[in-house]
Each structure stands twice: as C-alpha cells, then as structure tokens.
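Heads up, the thing below is written out as structure tokens.
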Amino acid sequence: MKSTIKKLLVGPVVILLAAATFAADTNLPAIIPLPQQMELRAGVFRLAPDTEIFASYASRQTARQLAARLRTGTGYPLKVVAKWGANRAVTNAILFTTRDASTNLGAEGYELTVADNSVVVRAPTPAGLFYGAQTLLQLLPPKIFSTNQVANGDWQMPCVHIEDWPRFKWRGLMLDVSRHFFTKSEVETILDAMALHKLNVFHWHLTDDQGWRIEIKKYLRLTQISAWRAGVGFGLDSNSTTAYAPDGRYGGYYTTADIREVVKYAAARHITIVPEIEMPGHSMAALAAYPQLSATSGPFTVPLHGGDYHGTYNPANDETFKFLNTVLAEVFQLFPGRYVHIGGDEVPNDAWKNNPECRALMQREGLKNKEELQSWFTKRIEKFVSENGKTLIGWSEIRQGGLPQNAVLMDWKGGAMEAASAGHDVVMSPTAFCYLDFYQSSNFLAEPRAAIWSRPLTLPKVYSFDPMPTNLPPQLQSHILGAQCNLWTELVPNLKHAEYMIFPRECALAEVVWSDQNSRDWNDFQSRLKVDEQRLDELGVNYRHDPARPTSANSSTSGN
Ligand code: TNX
C-alpha cells in the first residue's frame with residue numbers, strides 16, 4: 001500500500017501517511033481488498049437526501065443496487081437518473097459511466113474519483129462499475145451496511161482517486177452443501193458477503209457421499225432418496241441444525257427453480273457459480289438411489305459419517321455414462337458459466353480393483369492401474385463436457401494417469417506446476433492456506449470442533465498466501481487463474497457456524513487474490529479488518545474475532 005501511494009502522491013503527504021497508519025479510523029479508507037492505487041485528497045463528499053445517482057445503460061443495474069443499499073441505511077430517497085443533460089454540471093451526484101474509461105483497467109477494473117461535490121465511477125465493463133460501487137460503499141461509515149435506517153447518520157466519504165483492478169480472475173469460495181444442507185437464502189447471504197470483498201466465483205459442492213442437493217428431472221430418486229440421511233451424523237448434536245424434513249430425516253435439496261434464482265442472484269453480484277457433481281468417488285448418496293451404477297456391492301444408504309463410505313461409480317458399465325451425461329446435461333442448462341467441476345478426488349483404492357468388470361476394462365484398454373482407469377473415465381466425461389461447450393475442472397487427482405486435454409486442475413494436494421507446464425489452467429486451493437474447515441487457532445479447546453488432519457489455518461497464514469507457485473516460469477504464470485478457499489461442512493451444522501469458519505479468513509483471501517503481492521502488510525490489514533468487522537456486524541454476518549486483535553466490534557462464536 002505504502003509504496004504505491006508514495007509514488008502517486010505529490011501534495012497531501014501528511015494526510016496520506018495518516019491513511020496508512022490510521023486505516024482503522026472510520027473516516028479514512030479501510031478498503032478490503034486493498035486497491036491497486038489510491039490517492040487520498042483533501043475534503044469530503046457528503047451524501048444528501050437529494051443526491052442523485054446517474055447511470056448510463058451499462059451501469060443501470062449497479063446504480064439501482066447501490067441506490068437500494070444507500071437508501072436503507074440513510075433513509076434518503078436518492079433518485080437514479082437515466083439521462084443527464086449535456087450541459088448539466090455534475091454536482092451533488094454519483095455518476096456511473098463506461099464513457100472514456102481506460103481499457104487498461106481490464107475486464108474488472110474501475111476508476112473512482114470522489115470530489116467534494118461529486119463521485120464518479122468509471123469502468124469499461126459492468127463488472128468494473130460494480131466493483132467501483134463496492135469500494136464506494138467501503139468509503140462510507142460501516143453503518144451504511146445497516147439493515148435499518150440509521151438515525152442522524154453523517155454520510156461522508158473522503159475525497160480520493162482510486163484506480164483498481166484484480167490480480168487474479170478466479171477469486172473463489174467453495175461451500176460444501178452436501179455434508180450440511182444450506183438453504184437458498186443462506187447461500188445468498190454468503191454471496192452478499194463475497195460481493196463485499198470482490199470475490200467472483202462461488203464453487204457449489206452440490207453432491208457427495210452424504211447428500212445429493214440438486215434436483216435432476218430425469219432421476220427423481222436423487223432428490224427423493226439421495227438428498228436425505230437418517231440424522232445429522234458426524235457426532236454432531238442433532239439440535240445444532242435445522243435442516244430436517246418433517247419426517248425427521250436430515251438433508252434437503254434445491255429445485256431447478258431454486259438453482260435458477262441463486263444463479264441470477266449471483267450474476268447480479270458478478271459472481272459466477274461453478275457447480276460440482278462429484279465423480280467417480282464420493283458418490284454414495286447417488287448410489288443409494290441407483291445401486292446398479294456402483295463398482296462395489298453395498299451397503300447402499302446415504303451415510304451419516306465420512307471415512308470408509310466413499311461410493312464409487314462403475315466405469316465398466318455404460319449405464320454409468322448414460323446417467324452422468326444426463327445429469328450433466330441438466331446441469332449445463334441450469335448454470336450458464338463456462339466451468340463445470342466433476343470432483344475426482346479420493347477414489348478408494350480397492351473399489352475398482354475388486355470388480356471383475358473393471359479389471360476386464362483395464363485389460364481391454366491397456367490401463368495399468370487405478371490412476372489410468374480414472375484418467376480413462378475422466379477423459380470420457382471431458383469429451384461430453386467439451387462437446388457441450390463447457391470446460392471441465394477437477395481436483396488434483398484427475399491429473400494422475402493423464403489429464404484430459406482441455407481440463408482445468410484445482411490444486412488441493414499438488415499438481416499445479418506440472419499441469420501449468422503441460423499448458424493447463426489451474427486454480428490454487430492448497431490445504432495449507434485455503435481449508436476453512438481447519439481450526440483457526442492452536443487453542444483447540446477454545447474453538448468449536450474442527451478438522452484435525454492438518455495444522456490450524458490461522459488468519460495471518462491465509463494472508464501470507466501467494467497463489468503463484470514459486471519457480472513457475474513467467475511465460476506459464478497466466479495459467480494460474482487464481483485461488484479459492486473451501487469450506488467442507490462435516491462439522492458445520494448451521495449458517496452461523498459456517499460464517500464463523502469463513503470470516504474473517506475470507507477477507508484475507510480476498511486481498512490475496514485481488515491486491516498486488518507487494519502491497520501485503522499484515523499490520524495495515526489488521527487495522528482495516530477492524531473496520532470491516534463493523535461492516536460484517538451491520539450485515540449480521542458472524543465471524544471469528546481473535547481476542548489478541550483489538551476491536552470495537554462484537555463477535556460471537558458459533559452456536560454449536
Ligand atoms: C478432503 S479436499 C476432501 C473432502 C473433505 C475434506 C475434509 C477434497 C477434494 N476432498 O471431501 O470434506 O477433505 O477436510
């Protein structure tokens with residue numbers, strides 16, 4: 001932050017240093033993720049009841065969203081105006097425009113100028129305008145995020161000039177809705193918080209051993225049977241969750257109408273949804289409904305726990321491909337984004353080895369081991385995905401035995417270097433920096449029960465992450481699309497608990513994927529986070545507050 005700012009600043013040096021030091025003062029910008037370039041200027045812009053918001057065609061949606069948000073907290077009527085007279089001066093107004101926007105800002109960049117009588121957001125694309133609006137909101141006092149009208153608010157923002165764009169184009173968060181089912185509106189709450197920090201990919205882990213969560217019209221047993229299990233399981237208190245059917249079964253699913261609504265909700269926030277349909281492993285829920293597709297023989301119930309229950313499809317059965325292609329075809333219809341995640345992780349060792357049909361297939365195709373058989377399977381699925389104009393993405397394991405030509409790798413346990421070197425795109429999500437199901441501190445007793453198969457993932461650890469693998473030659477670096485954090489929910493039975501695990505680590509990840517690597521400054525981030533916690537308070541989002549970190553905000557631990 002400091003280096004960029006010093007370069008830009010000629011005049012008000014004193015104010016600038018104050019900004020760097022006292023970012024926690026709500027009158028000074030405490031923006032997360034930190035913008036690429038920010039110059040603080042003298043003076044403030046004050047919102048008034050008659051402030052107008054002008055939007056050209058491309059910016060209408062963003063302007064309306066901003067107006068709605070501003071009206072809630074301020075109670076001001078704030079008109080959105082579609083035409084601005086050619087000779088009319090821009091005063092007491094917020095202007096959104098694509099006109100004269102520098103294309104150097106890229107597909108998601110923006111320029112934001114706050115003067116004492118006007119605010120101008122300029123960007124070449126609607127996404128850029130949207131991100132400009134997010135920064136604008138963060139220039140205002142955190143109370144602007146209040147869900148009620150605030151009495152006697154003083155809605156001023158400091159005069160600034162910001163030019164900003166993301167470092168990476170994939171800035172993601174994964175939510176596992178299989179181990180715990182989150183309702184449509186709970187998912188939308190998460191999407192709102194992602195938008196606040198300019199994240200743009202929501203990876204929706206829709207199927208796993210413990211539950212299938214997406215309605216497929218051609219296979220209704222997936223929602224009649226696979227969406228439900230006998231209880232919450234995982235040793236959790238059955239009172240800690242609300243996801244029960246009237247008959248006492250645990251689970252739930254999204255109808256196709258629900259999915260369409262969430263996709264639209266995300267798109268309005270410039271978030272693309274990447275659906276994940278797990279195959280060939282982690283598929284016990286589906287196999288509970290369609291056991292004829294399994295490589296192993298039972299038991300065929302939706303399991304209450306993890307461990308040895310990984311259901312695995314039989315790649316030697318043509319019905320498997322008929323089923324999966326039909327499911328995927330419906331998924332393609334529901335999700336307009338380019339990427340479709342097919343899982344591919346943790347295929348159990350003996351599922352295929354002990355199956356005579358699989359052994360015969362391996363012999364026929366000259367496949368030496370389980371990895372090559374999985375690669376054969378993934379390639380067949382990838383062909384179908386490509387033919388439908390989509391791009392397949394899968395976890396680290398899809399690389400073993402050979403990555404299909406057009407596939408993208410999601411690195412959770414290695415493979416990024418090799419995949420990028422072979423010309424594949426890669427999304428970074430290594431456990432050491434990105435696993436939100438891990439403890440947030442080594443004081444396990446003070447924390448809700450969390451995954452224990454790795455070291456804790458502390459906030460400074462997330463903040464220290466550089467998604468670009470060291471030693472990746474410069475000419476291959478564009479293959480690293482970005483990074484994401486993942487919340488697996490075996491031990492997360494409700495939304496408040498999920499929020500506690502996600503925030504504030506998501507804030508650190510947002511800065512990792514958006515801001516310049518050289519701008520990383522832990523102390524400065526902490527002081528901005530203090531303000532950001534107040535925003536989360538206003539939005540009603542739960543988060544973990546580190547007792548060692550000073551704050552003025554309240555935070556609670558999970559209700560678990
Ligand atoms: C591994 S990460 C898994 C998940 C579990 C997680 C628990 C990955 C691709 N697979 O199925 O939920 O560990 O930490």
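Counting starts at 1 for both ligands and their atoms, following the listed order.
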Report task. Answer whether the closest heavy-atom distance between the side chains of Q374 and W352 falls below 4.5 Å. Result ->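 In contact.
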
Once you restrict both partners to nitrogen or oxygen, which atoms of ligand 1 have a protein partner under 3.5 Å, and how far apart are they?
unit_1: ligand 1; atom_1: 10 (N); unit_2: D345; atom_2: OD2; d: 2.8
unit_1: ligand 1; atom_1: 11 (O); unit_2: R179; atom_2: NH2; d: 3.1
unit_1: ligand 1; atom_1: 12 (O); unit_2: R179; atom_2: NH1; d: 2.9
unit_1: ligand 1; atom_1: 12 (O); unit_2: E490; atom_2: OE1; d: 3.4
unit_1: ligand 1; atom_1: 12 (O); unit_2: E490; atom_2: OE2; d: 2.5
unit_1: ligand 1; atom_1: 14 (O); unit_2: D437; atom_2: OD2; d: 2.6
unit_1: ligand 1; atom_1: 14 (O); unit_2: W453; atom_2: NE1; d: 2.9

Query - Donor + acceptor pair across side chains of Y250, H180 (<3.5 Å) - result: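 Yes, H180 and Y250 have a side-chain donor paired with an acceptor closer than 3.5 Å.
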
**Report entry** Six-ring centre of Y265, R269 cation under 6.0 angstrom, axis tolerance 45°
**Finding:**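 That pair qualifies as a cation-pi contact.
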
Query raised in the report: What about Y131 and W514, are their ring centers closer than 6.0 Å?
Result: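 Centroid separation for Y131 and W514: below 6.0 Å.
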
Requested in this report: Please confirm whether Y254 and W204 have ring centers closer than 6.0 angstrom.
Outcome: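 That pair passes the under 6.0 Å test.
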
Query raised in the report: Got a sec, which residues hit side chain to side chain donor-acceptor pair (under 3.5 Å) with T458, two or more places apart in sequence or on another chain?
Result: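 Side chain to side chain donor-acceptor pair (under 3.5 Å) check on T458 returns nothing, list empty.
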
